[in-house]
**Student:** 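Quick one: structure below, then a few questions.
Counting begins at 1 with the first residue of the sequence.
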Amino acid sequence: MNDHANAATETFLAHRNLLFTVAYEMLGSAADAEDVLQETWLRWVTVDLEQVRDQRAYLVRITTRQSLNRLRTIKRRKEAYVGPWLPEPLLTTPDVAEDVELAESVSMALMLVLETLSPTERAVFVLREVFDLGYDEIATAVDKSPAAVRQIAHRARQHVDARRPREVVSASETRAALESFQRALETGDLQGLLDVLAPEVVLVGDGGGVKQAALRPVTGAEKVVRMFVGGLRKVDGTLTAEPTVVNGNPALLVRLDGEIDGVMAIRVEDARITGLYYVRNPEKLTRIGSATPLTLR
């Protein structure tokens with residue numbers, strides 16, 4: 001490997017976790033984020049490094065552009081997807097949970113809100129609100145004028161603020177609600193389930209046509225409880241749930257006869273669960289075996 005390739009590799013590896021986080025937050029898919037990083041690398045090694053003033057910013061720009069291209073491909077894939085689509089859950093390192101801003105930005109609840117933005121709005125929101133990039137820098141990454149980026153950022157922020165939880169809930173509060181839910185589920189305590197679920201709770205299941213899951217979101221505590229209880233009665237085997245940390249937030253790893261069946265993340269408001277997100281599609285569970293490092297820097 002020549003000196004140029006060595007220098008390019010060293011810089012790329014130094015920022016790899018950041019670039020993966022940018023791509024993942026834009027795409028909601030670790031597999032697609034890895035593909036974007038590969039494309040970023042192939043372009044980066046052809047760059048004259050002596051002409052690059054800020055190598056980190058340049059790499060983020062390449063990653064953003066490749067992610068935007070990939071988003072358009074994913075959009076077609078989602079349109080043909082069987083049932084609701086949920087982001088790919090990631091087992092995360094302890095430092096992600098400790099970083100409140102990062103944990104909120106990759107939470108299943110916020111990632112789902114980002115799904116409702118256009119590709120450019122999502123890119124601008126992620127780069128501005130999550131990574132705190134300047135408008136000029138974002139403008140270069142998305143091929144827009146700084147003035148246009150300001151307008152897009154304002155519109156995206158209003159859209160997200162109208163749909164995100166009113167306040168950031170602590171990990172301990174989320175964990176307490178999750179433990180109550182798990183305990184009520186394991187003991188068959190129907191009233192306990194109704195107590196921990198908000199009346200307007202929404203259950204979203206992602207089986208991708210491979211595993212059984214509701215083909216549309218289920219709304220309302222009583223309907224959600226009936227679905228869980230009915231589903232448990234049909235289980236042929238031993239179902240267990242263990243606490244874990246997914247996307248920087250408390251979650252449950254569900255196993256059937258010791259094999260991973262799915263991951264359940266939650267959204268909590270006022271100490272009650274308002275959102276349940278259950279990923280069962282095996283293609284989205286490959287990142288549960290080992291922790292994925294994420295960073296905003």
Side-chain angles (χ1 to χ4, degrees), residues 16-17 19-40 63 66-93 96 105-116 119 122 126 202-218 227-228 231 234-237 239-242 244-249 251-267 275-294:
R16 190 188 189 285
N17 291 346
L19 302 178
F20 178 87
T21 308
V22 170
Y24 174 72
E25 292 212 18
M26 285 186 60
L27 303 170
S29 163
D32 286 295
E34 291 289 2
D35 287 345
V36 162
L37 257 61
Q38 180 66 21
E39 292 160 1
T40 298
T63 301
Q66 294 308 311
S67 296
L68 280 169
N69 292 339
R70 179 69 54 142
L71 267 176
R72 296 178 182 106
T73 304
I74 291 177
K75 185 174 184 293
R76 292 192 292 271
R77 195 193 310 161
K78 288 176 186 172
E79 288 168 353
Y81 199 77
V82 178
W85 186 96
L86 287 171
E88 183 178 349
L90 306 178
L91 185 70
T92 43
T93 51
V96 176
S105 74
V106 294
S107 68
M108 197 69 75
L110 185 59
M111 294 282 282
L112 271 178
V113 174
L114 297 184
E115 287 295 317
T116 63
R122 184 166 184 167
V126 166
V202 178
L203 166 65
V204 183
D206 181 342
V210 182
K211 289 284 193 78
Q212 186 174 1
L215 292 177
R216 54 185 59 86
V218 179
M227 173 156 283
F228 271 113
K234 295 175 185 175
V235 170
D236 182 19
L239 199 68
T240 60
E242 61 189 74
T244 187
V245 178
V246 168
N247 289 44
N249 293 268
L252 291 176
L253 181 60
V254 182
R255 297 181 186 272
L256 180 59
D257 290 334
E259 297 294 322
I260 295 176
D261 181 76
V263 169
M264 183 172 295
I266 64 173
R267 167 175 168 168
L276 284 159
Y277 313 107
Y278 191 22
V279 180
R280 296 193 72 206
N281 184 349
E283 294 177 2
K284 293 186 176 182
L285 299 174
T286 60
R287 290 281 181 147
I288 297 303
S290 59
T292 299
L294 301 172

**Student:** Do the side chains of V246 and Y277 get nearer than 4.5 Å, heavy atoms only?
**Tutor:** no
**Student:** Roughly how far, to the nearest 0.5 Å, is OG1 of T92 from CG of L294?
**Tutor:** 6.5 Å
**Student:** So with a 6.0 Å cut-off around CD of E34, is the heavy-atom count from everything else above 12?
**Tutor:** yes
**Student:** Can you name the residues that form a salt bridge (charged side-chain N to carboxylate O under 4.0 Å, His left out) with D261, not counting sequence neighbours?
**Tutor:** K211, R280
**Student:** Do L112 and P87 come close enough that some side-chain heavy atom pair is under 4.5 Å?
**Tutor:** yes
**Student:** Decide if atom NZ of K78 counts as having more than 12 heavy atoms of other residues, nucleotides or ligands within a radius under 6.0 Å.
**Tutor:** yes
**Student:** Treating E88 as the side-chain partner and A30 as the backbone partner, does any N or O pair qualify as donor plus acceptor under 3.5 Å?
**Tutor:** yes
**Student:** Taking salt bridge (charged side-chain N to carboxylate O under 4.0 Å, His left out) as the test, write out the residues that go with E259, two or more places apart.
**Tutor:** none
**Student:** Considering non-hydrogen atoms only, spot the tightest contact between L110 and S105 and give its length.
**Tutor:** CD2-CA, 3.6 Å
**Student:** Measuring only between side-chain heavy atoms, which start at C-beta, is T63 closer than 4.5 Å to S67?
**Tutor:** yes
**Student:** Nearest 0.5 Å, what's the CZ-OG1 distance between R122 and T116?
**Tutor:** 9.0 Å
**Student:** Look at atom CD of E115 and say whether more than 12 heavy atoms of other residues, nucleotides or ligands are closer to it than 6.0 Å.
**Tutor:** yes
**Student:** Find the distance between OG1 (T40) and CG (L19) and round it off to the nearest 0.5 Å.
**Tutor:** 6.5 Å
**Student:** Any idea which heavy atoms bring V263 and L253 closest together, and the distance?
**Tutor:** CG2-CD1, 3.9 Å
**Student:** How many angstroms lie between CD in Q66 and CG in L71, if you round to the nearest 0.5 Å?
**Tutor:** 11.5 Å
**Student:** Answer yes or no: is there a donor N or O on one side and an acceptor on the other, between the side chain of K284 and the main chain of L86, under 3.5 Å?
**Tutor:** yes
**Student:** Taking all non-hydrogen atoms of both residues, which atom of L276 and which atom of I266 are closest, and how far apart?
**Tutor:** CD2-CG2, 3.6 Å
**Student:** Can you confirm whether Y24 sits close enough to M111 that some side-chain heavy atom of one is under 4.5 Å from a side-chain heavy atom of the other?
**Tutor:** yes
**Student:** For the residue pair Y81 and N281, confirm or rule out a side-chain donor-acceptor distance under 3.5 Å.
**Tutor:** yes
**Student:** For a quick test of reading the model, state the closest non-hydrogen atom pair linking D206 to P84 and the distance between them.
**Tutor:** CG-O, 3.6 Å
**Student:** Step through the shown structure and confirm whether more than 12 heavy atoms of other residues, nucleotides or ligands are within 6.0 Å of CZ on R72.
**Tutor:** yes
**Student:** For the residue pair I260 and I288, establish whether any side-chain heavy-atom pair is separated by less than 4.5 Å.
**Tutor:** yes
**Student:** Any idea which heavy atoms bring M108 and A265 closest together, and the distance?
**Tutor:** CB-CB, 4.0 Å
**Student:** Between OG1 of T292 and CG of L91, what distance do you get to the nearest 0.5 Å?
**Tutor:** 7.0 Å
**Student:** Given E79, which of R76, K75, R77 fulfils the side chain to side chain donor-acceptor pair (under 3.5 Å) condition?
**Tutor:** K75
**Student:** With a 4.5 Å cut-off on side-chain heavy atoms, are P217 and V204 touching?
**Tutor:** yes
**Student:** Of all the heavy-atom pairs spanning L114 and E25, show the shortest one and how long it is.
**Tutor:** CD1-O, 3.9 Å
**Student:** Starting from the C-alpha separation in whole Å, work towards a yes-or-no answer on side-chain contact (heavy atoms from CB on, under 4.5 Å) for M26 and L68.
**Tutor:** CA-CA 8 Å; M26 285 186 60; L68 280 169; 4.0 Å; yes
**Student:** Would you compute the distance between atom CD of E39 and atom CG of D32 and round it to the nearest 0.5 angstrom?
**Tutor:** 9.0 Å
**Student:** Assess whether side-chain contact (heavy atoms from CB on, under 4.5 Å) is satisfied between L90 and V106, documenting all intermediate values.
**Tutor:** CA-CA 9 Å; L90 306 178; V106 294; over 6 Å; no
